K.L.:
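My questions all concern the structure below.
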2 protein chains.
Amino acid sequence: MMKKETKNIALKRLSEHLSEKKLRATSQREIILGTFIDLGRHTTAEELYEALKKFDSSIGHATVYRALRLFVDAGIARELNFNDGSVRYESVIGKEPHDHIICKKCGAMVEFLDEKIREAQDEIAKKYGYSIKNRSHILFGICPKCRR
Amino acid sequence: MMKKETKNIALKRLSEHLSEKKLRATSQREIILGTFIDLGRHTTAEELYEALKKFDSSIGHATVYRALRLFVDAGIARELNFNDGSVRYESVIGKEPHDHIICKKCGAMVEFLDEKIREAQDEIAKKYGYSIKNRSHILFGICPKCRR
DNA sequence: ATTGGTGCAAAATTTTTGCAGTTGC
DNA sequence: GCAACTGCAAAAATTTTGCACCAAT
């Protein structure tokens, strides 16, 4: 999927969420969302803030943090915690759901999707009566390059 | 498994790790480990520090943080990140490996073990040539009580 | 006009680090 | 005695909050 298209879908979803929740459409939210999508993935609030400064220096830290939370609420982004000090965010637009396997040495990361795991998660949730809101599944290890 | 026994195994493992790595056995490390095991589970550094203050007020924050890292290195504890602000630690002694499903409303938590998921994880790792060091698998949802 | 949003700076939290003094080996 | 360990306080890093002003509806 093209990034342009992804961005449009994300903006549309944001706009829907805002009217649904009677929140306001601001230029900052649009700019932050656009930059977030451009950056690609696994972005921290600080990285996003730095990227924003490059072409609009007037957006503050707090606004970035608040926007990221908004994107999560709107179903545009999700939180990831790689235990590296800060929370990371990833766009869920135009992507299949997936999990991560990460090299503890060099950070090399692979995204994978396993149907059996998905189904087993759903079974577990059903068994205990939980409804799943989100799934955090990250494997940490050593990649082939670093092991050699 | 009795807690006393768990504690003994943990202390033994610590002692082995210390001599293996040529590190030193200190009373603080023993006390911290004992208290950590007593507390049970999913403990933050701060919670552990507070518990320690109750009967030995002289142990500092830094020592607790350093001890927890040591316990992870020694294979006594593992890190858990429930996205609630701070890293939590759990003893792995005397427990089957397991994952967690947590209620986002009330925090109610169930531990589960699913062989199919374990196997699928191993297959994924093999497929991409990674050797798994640790697994972080947490499902977030709403528990039956909170949904009613 | 009303209410939510923003930017800023301060505060709160969590974790790490530097260092002088202590202790295990 | 040497090097590791500790406690403390300061610093670093991340995130939240209070508030005066601004802007969307």
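What you see is a predicted model; the values in this text were computed from it and never measured.
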K.L.:
Report the distance from atom CG of A/L68 to atom P of D/dT14, rounded to the nearest whole Å.
P.N.:
14 Å

K.L.:
Would you indicate, yes or no, if C/dG7 has its OP1 or OP2 atom less than 4.0 angstrom from a side-chain nitrogen or oxygen of A/Q28?
P.N.:
yes

K.L.:
Would one find a side-chain N or O of A/R24 under 4.0 angstrom from OP1 or OP2 of C/dT6?
P.N.:
no

K.L.:
Between A/D84 (CG) and D/dA13 (P), how many Å, whole number?
P.N.:
14 Å

K.L.:
Does C/dT16 have its OP1 or OP2 closer than 4.0 Å to a side-chain nitrogen or oxygen of B/Y65?
P.N.:
no

K.L.:
Any N or O donor-acceptor pair linking the side chain of A/R66 to the base of C/dG4 at under 3.5 Å?
P.N.:
no

K.L.:
So which nucleotide from D/dG7, C/dT15, C/dC8 ends up closest to the side chain of B/S86?
P.N.:
C/dT15

K.L.:
Nearest whole angstrom, please: distance from the C1' of C/dT16 to the OH of B/Y49.
P.N.:
16 Å

K.L.:
Describe, in one word, how the ring planes of A/Y49 and A/H61 are oriented to each other, choosing from parallel (under 30°), tilted (30 to 60°) and perpendicular (over 60°).
P.N.:
parallel

K.L.:
Could you tell me whether the phosphate oxygens of C/dG5, OP1 or OP2, come under 4.0 Å of any side-chain nitrogen or oxygen in A/R29?
P.N.:
yes

K.L.:
Rounded to the nearest Å, what distance is computed from the CG atom of residue A/L18 to the P atom of nucleotide D/dT25?
P.N.:
9 Å

K.L.:
In terms of the nearest nucleotide of DNA chain D, which residue is placed more toward the 5' end: B/S58 or A/L23?
P.N.:
B/S58

K.L.:
Rounding to an integer number of Å, can you tell me how far A/E30 CD sits from D/dA23 P?
P.N.:
16 Å

K.L.:
Is it the case that one hydrophobic cluster holds both A/F36 and A/I93, taking links as side-chain heavy atoms less than 4.5 Å apart, direct or via other members?
P.N.:
yes

K.L.:
Please tell me if the side chains of A/F71 and A/Y89 come closer than 4.5 Å, counting only heavy atoms from C-beta onward.
P.N.:
no

K.L.:
Rounded off to whole Å, could you give me the CD1-to-P distance for the A/I31 and C/dG5 pair?
P.N.:
16 Å

K.L.:
Can you get from A/I9 to A/V92 by hopping between Ile, Leu, Val, Met, Phe, Trp and Tyr side chains that sit under 4.5 Å apart?
P.N.:
no

K.L.:
Rounded to whole Å, how long is the line connecting atom NZ of A/K21 with atom C1' of C/dT3?
P.N.:
18 Å

K.L.:
Let me spell it out: for each of B/E46 and A/T26, pick the nucleotide of DNA chain C with the closest heavy atom. Which residue's pick is nearer the 5' end?
P.N.:
A/T26

K.L.:
Can a donor-acceptor pair be found between the side chains of B/H137 and A/Q121 at a distance below 3.5 Å?
P.N.:
yes

K.L.:
Calculate the interatomic distance between A/R69 atom CZ and D/dT14 atom P; express it in whole Å.
P.N.:
17 Å

K.L.:
Assuming nearest nucleotide by heavy-atom distance, tell me which of A/G85 and B/A62 is located more 5' along DNA chain D.
P.N.:
B/A62

